[in-house]
Chemist: 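Take a look at this one; I'll ask things after.
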Amino acid sequence: MDFSRVFNEAMPILLEGLKLTVLVSLVSIAIGMVIGLLVCLMKMSRNVVLRAIAGVYIWIIRGTPMLVQALIVFFGIPQLIQIWVKGFHFTALTAGIITLSLNAGAYLAEIYRGGIMAVPKGQSEAARSLGLSKGKTMLKVVLPQAFKFSIPSLVNQFIITIKDTSILTVIGMSEIVNQAQRYVGTTYVFFETYSVVALMYLAIISILMIISNYIEKKLKYERKGRHRDEN
């Protein structure tokens, strides 16, 4: 086994792939958080049409493999658009961000919904009794607390999104796995290369897991403190 060769030859391109992996994950989770919030509010709306749209979106995204979603976004959707716009296509980067954002949005919608349901109803009732409208109660009272409750799950979703970027190698996005495949294709150094890639993923995800555990413990401590104060 020749790990020194991989570190000397492959590390520059693997680091480039890692940078792209982290960047795409950050952008996708940011967009996914917006999509997730909108879908969550739609699903909790009294409007039947909005609830149906949100339900179908979550059903489709959660019920199909992300690999298939990536192929549809990269190959299928441009083919449809080309009926009206000749030569239209997505870059692998754009298709990757769209796929990850839509995928994360569906799961984040359920995370937000769980966070909103975790907020005691008394909070909303107290806000309404003070004269706040339903919209302002949701915006100023419920959502801030729901977001706080959802932070550990949001970090976990970020971890999942980082790992899901590896699927995007199928559409040619130059993330870390794609870069590793290119190097392996010319050197045939399989075990060492993919072991280094695994260690790089493990390092980033371990840091995020530590952050998630810290936040979760802090939130539990704050809840216990509030419970004591109420008693």
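Any value given below was found using the heavy atoms of this structure, including those in side chains, with hydrogens, waters and symmetry copies removed.
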Chemist: Quickly, which of Met11, Gln179, Met200 forms a side chain to side chain contact (heavy atoms under 4.5 Å, CB included) with Leu18? Name it, please.
Modeler: Met200
Chemist: List the steps, then state whether side-chain contact (heavy atoms from CB on, under 4.5 Å) holds for Val6 with Thr187.
Modeler: CA-CA 10 Å; Val6 174; Thr187 63; over 6 Å; no
Chemist: Just distance, no hydrogens or angles: give the donor-acceptor pairs under 3.5 Å from side chains in residues 71-81, sequence neighbours left out.
Modeler:
none

Chemist: Using only heavy-atom distances, determine whether the side chains of Glu175 and Ser166 contain a donor-acceptor pair under 3.5 Å.
Modeler: no
Chemist: Side-chain atoms of residues 53-66: list all donor-acceptor pairs with protein atoms under 3.5 Å, sequence neighbours left out, distances to 0.1 Å.
Modeler:
| from | atom 1 | to | atom 2 | distance (Å) |
| --- | --- | --- | --- | --- |
| Tyr57 | OH | Leu102 | O | 2.5 |
| Tyr57 | OH | Ala106 | N | 3.4 |
| Thr64 | OG1 | Ile60 | O | 2.8 |
| Thr64 | OG1 | Gln69 | NE2 | 2.9 |

Chemist: For Ala95 and Phe90, which heavy atoms make the closest approach, and how far apart are they?
Modeler: CB-CB, 4.1 Å
Chemist: Test your reading of the model: is there a side-chain donor-acceptor pair from Ser28 to the backbone of Ser25, 3.5 Å cut-off?
Modeler: no
Chemist: Hey, could you give me the CG/CG distance between Leu20 and Leu168, rounded to the nearest 0.5 Å?
Modeler: 9.5 Å
Chemist: Could you tell me whether the side chain of Glu16 and the main chain of Pro12 form a donor-acceptor pair under 3.5 Å?
Modeler: no
Chemist: Checking Arg51 side chain against Met42 main chain: does a donor-acceptor pair fall under 3.5 Å?
Modeler: no
Chemist: Please tell me if the side chains of Val119 and Ile116 come closer than 4.5 Å, counting only heavy atoms from C-beta onward.
Modeler: no
Chemist: Looking at Asn213 and Met209, would you say the former's side chain and the latter's main chain have a donor-acceptor pair under 3.5 Å?
Modeler: yes
Chemist: With a 4.5 Å limit on heavy-atom distance, are the side chains of Ile29 and Leu108 in contact?
Modeler: yes
Chemist: Does some side-chain heavy atom of Phe149 sit less than 4.5 Å from a side-chain heavy atom of Met117?
Modeler: no
Chemist: I need the minimum non-hydrogen distance between Ser101 and Ile35, along with the two atoms involved.
Modeler: O-CD1, 4.0 Å
Chemist: Do Val177 and Tyr201 make a side-chain contact, defined as non-hydrogen atoms from C-beta onward lying under 4.5 Å apart?
Modeler: yes
Chemist: Counting C-beta onward and ignoring hydrogens, is there a side-chain heavy-atom pair between Met33 and Gln157 closer than 4.5 Å?
Modeler: no
Chemist: Ile176 and side chain to side chain contact (heavy atoms under 4.5 Å, CB included): which partner among Thr165, Leu15, Val197?
Modeler: Val197
Chemist: Hydrophobic clusters here meaning ILVMFWY residues chained together by side-chain heavy-atom distances under 4.5 Å, can you tell me if Leu154 and Leu100 are in one?
Modeler: no
Chemist: Would a distance-only check, ignoring hydrogens and angles, find a side-chain to backbone donor-acceptor pair under 3.5 Å from Ser206 to Leu202?
Modeler: yes
Chemist: How about Leu208 and Ile162: do any of their side-chain heavy atoms sit closer than 4.5 Å?
Modeler: yes
Chemist: If you compare all heavy atoms of Ile97 against all heavy atoms of Val24, which two are closest, and at what distance to 0.1 Å?
Modeler: CG1-CG1, 4.0 Å
Chemist: Would Ile211 end up clustered with Ile111 when hydrophobic side chains under 4.5 Å apart are linked, directly or stepwise?
Modeler: yes
Chemist: Tell me the closest heavy-atom pair linking Ser212 and Pro152, and the distance in Å.
Modeler: OG-O, 3.6 Å
Chemist: Are a donor atom and an acceptor atom from the side chains of Arg182 and Ser174 found within less than 3.5 Å of each other?
Modeler: yes
Chemist: Output the distance between atom OG1 (Thr21) and atom CG (Asn178), rounded to the nearest 0.5 Å.
Modeler: 9.5 Å
Chemist: Testing the 3.5 Å rule here: is there a donor-acceptor pair between the side chains of Ser153 and Ser150?
Modeler: no
Chemist: For Phe190, look at atom CZ and say whether over 12 heavy atoms of other residues, nucleotides or ligands are found less than 6.0 Å away.
Modeler: yes
Chemist: Quick one: are Glu192 and Arg5 in side-chain contact, heavy atoms under 4.5 Å?
Modeler: no
Chemist: When you group the ILVMFWY residues by side-chain heavy-atom contacts below 4.5 Å and let the links chain together, are Met173 and Ile98 in the same group?
Modeler: yes
Chemist: Is there a path of hydrophobic side-chain contacts, each under 4.5 Å between heavy atoms, that joins Val68 and Val170?
Modeler: yes
Chemist: Is there a side-chain contact between Tyr107 and Ile160, using heavy atoms and a 4.5 Å cut-off?
Modeler: no
Chemist: Check for a donor-acceptor pair, side chain of Gln82 on one end and backbone N or O of Phe88 on the other, with a separation under 3.5 Å.
Modeler: yes
Chemist: Membership question, hydrophobic clusters at under 4.5 Å side-chain separation (ILVMFWY): are Leu23 and Ile13 in the same one?
Modeler: no
Chemist: Give the intermediate values and the outcome of side-chain contact (heavy atoms from CB on, under 4.5 Å) for residues Leu143 and Leu37.
Modeler: CA-CA 10 Å; Leu143 285 182; Leu37 181 58; 4.0 Å; yes
Chemist: Check the surroundings of atom CZ in Phe3: do more than 12 heavy atoms from other residues, nucleotides or ligands lie under 6.0 Å from it?
Modeler: yes
Chemist: Mind listing the closest non-hydrogen atom pair of Val39 and Ala109 along with its distance?
Modeler: CG1-CB, 3.8 Å
Chemist: Please test Phe158 against Leu26 for side-chain contact (heavy atoms from CB on, under 4.5 Å), starting from the C-alpha separation and ending with a verdict.
Modeler: CA-CA 8 Å; Phe158 185 38; Leu26 286 170; 3.5 Å; yes
Chemist: Please round to the nearest 0.5 Å and tell me the distance separating atom CG of Leu14 and atom CZ of Phe7.
Modeler: 9.5 Å
Chemist: Tell me if a side-chain donor or acceptor on Ser45 pairs with a main-chain N or O of Leu41 at a distance below 3.5 Å.
Modeler: no
